[in-house]
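The structure appears right after this line, and notes come after that.
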Number of protein chains: 2
Amino acid sequence: MKTKLPRCCPSVLGTRLKRDDAEELASAFKAIADPGRLRLLSFIAAQPGAEACVCNLIEPLGLAQPTVSHHLKVLAEAGLLVRERRATWMFYRLVPERVRALQDALALPVDKPATKRSA
Amino acid sequence: MKTKLPRCCPSVLGTRLKRDDAEELASAFKAIADPGRLRLLSFIAAQPGAEACVCNLIEPLGLAQPTVSHHLKVLAEAGLLVRERRATWMFYRLVPERVRALQDALALPVDKPATKRSA
DNA sequence: CAAGAGTATCGACACTTGTCGATGAAAGAG
DNA sequence: CTCTTTCATCGACAAGTGTCGATACTCTTG
């Protein structure tokens, strides 16, 4: 490791985001990193009570029923939606706190002066 | 299309997010939906001036140089970073406005009472 | 120009993901 | 119980993605 050329800069760079935190955050963002799922969230959020029946999501989304079901599952597993059975129908309701959490994760260092990070 | 069972609800659901907008947003979120890229953003954001030399990113990230280069390219193409050559070294600087834009995209209908949407 | 250091691109690979048709499971109606 | 409606799961496929070694490119130095 013989360095002939000078270093470009002080090389501070304290590791901010840990590996585990990064993986967790990434999987959360993966959940919304799909056009269909974003539209699902949008559709549901636009409903009164921020909830919707699956039967009302399939047609406007323009995807096959199994595909919609799959996307809803992904969103639910990411904690962005909660399922609730109502008679024959299945309702999905938005979890605003979870959305807010993702929003906060995108806060720049400037935005959060001295906040302690927990999850 | 003969419906025997009653509908589950009024079926309002005005299409909120258009297909094109959804695709664009999704590709933006795809850019940050990766542990390595999130850490890159975090590392760079933590630097003074929110910029960093590639040579200082490879080791802390723990990935091979071509992989890091690839991730940086993805982030740059998403508009989250800008490249700048400085002598032999390549610097990547964070674009806060772009991060903010993603943040705003996650704003719930409750959060934005009557805001006009542009992008 | 030649040599060396820092990065980007290429090629290849394993793995993940979005999609849909077919099928199965849960709940209400008759 | 049988039929129908609604939704989830299964299986399979094409396409996309992360990863790295090898290689090419771009500056600077001598």
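Convention: sequence-line order gives letters A, B, ...; per-chain numbering from 1. Hydrogens, waters and symmetry mates play no part in the numbers below; they use all other heavy atoms, side chains included.
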Can you check nucleotides 13-20 of chain D for protein contacts, nitrogen or oxygen pairs under 3.5 Å, and list what you find?
residue: D:dG18; atom: OP1; partner: B:Arg37; partner atom: NH1; Å: 3.4
residue: D:dG18; atom: OP1; partner: B:Arg37; partner atom: NH2; Å: 2.7
residue: D:dT19; atom: OP2; partner: B:His71; partner atom: NE2; Å: 2.4
residue: D:dC20; atom: OP2; partner: B:Ala64; partner atom: N; Å: 3.0
residue: D:dC20; atom: OP2; partner: B:Thr67; partner atom: OG1; Å: 2.8

Whole angstrom value for the distance that separates [atom2] of [N] from [atom1] of [X]:
X       : N      : atom1 : atom2 : answer
B:Leu57 : C:dG6  : CG    : C1'   : 13 Å
A:Arg83 : D:dT9  : CZ    : C1'   : 11 Å
A:Asn56 : D:dT5  : CG    : P     : 17 Å
A:Leu72 : D:dT9  : CG    : P     : 11 Å
A:Glu59 : D:dC7  : CD    : P     : 13 Å
B:Glu77 : C:dA8  : CD    : P     : 12 Å
B:Phe91 : C:dT7  : CZ    : C1'   : 13 Å
A:Phe29 : C:dT16 : CZ    : C1'   : 20 Å

List the atom pairs, with distances to 0.1 Å, where a side-chain N or O of residues 71-83 of chain B and a protein N or O form a donor-acceptor pair under 3.5 Å, not counting sequence neighbours.
residue: B:His71; atom: ND1; partner: B:Arg37; partner atom: NH1; Å: 3.1

With a 4.0 Å limit, can you tell me whether [X] has a side-chain N or O closer than that to the phosphate oxygens OP1/OP2 of [N]?
X       : N     : result
B:Thr88 : C:dG6 : no
B:Tyr92 : C:dG6 : no
B:Lys73 : C:dA8 : no

- Message: Tell me if a side-chain donor or acceptor on A:Arg86 pairs with a main-chain N or O of A:Thr88 at a distance below 3.5 Å.
- Response: no
- Message: Between B:Arg100 (side chain only) and B:Leu102 (backbone N and O only), is there a donor and an acceptor less than 3.5 Å apart?
- Response: no
- Separation between CE (B:Met90) and OG (B:Ser69), nearest 0.5 Å, reads 8.5 Å
- Can you tell me how far CG of B:Leu61 sits from CZ of B:Arg39, rounded to the nearest 0.5 angstrom? 5.5 Å
- Query: How close do B:Ala22 and A:Leu38 get, heavy atom to heavy atom, and via which atoms?
  - Reply: O-CD1, 3.7 Å
- Heavy-atom pair of closest approach, residues B:Cys53 and B:Trp89: SG-CB, 3.8 Å
- Message: Reading DNA chain C from 5' onward, which residue's closest nucleotide shows up sooner: A:Arg85 or B:Ser69?
- Response: B:Ser69
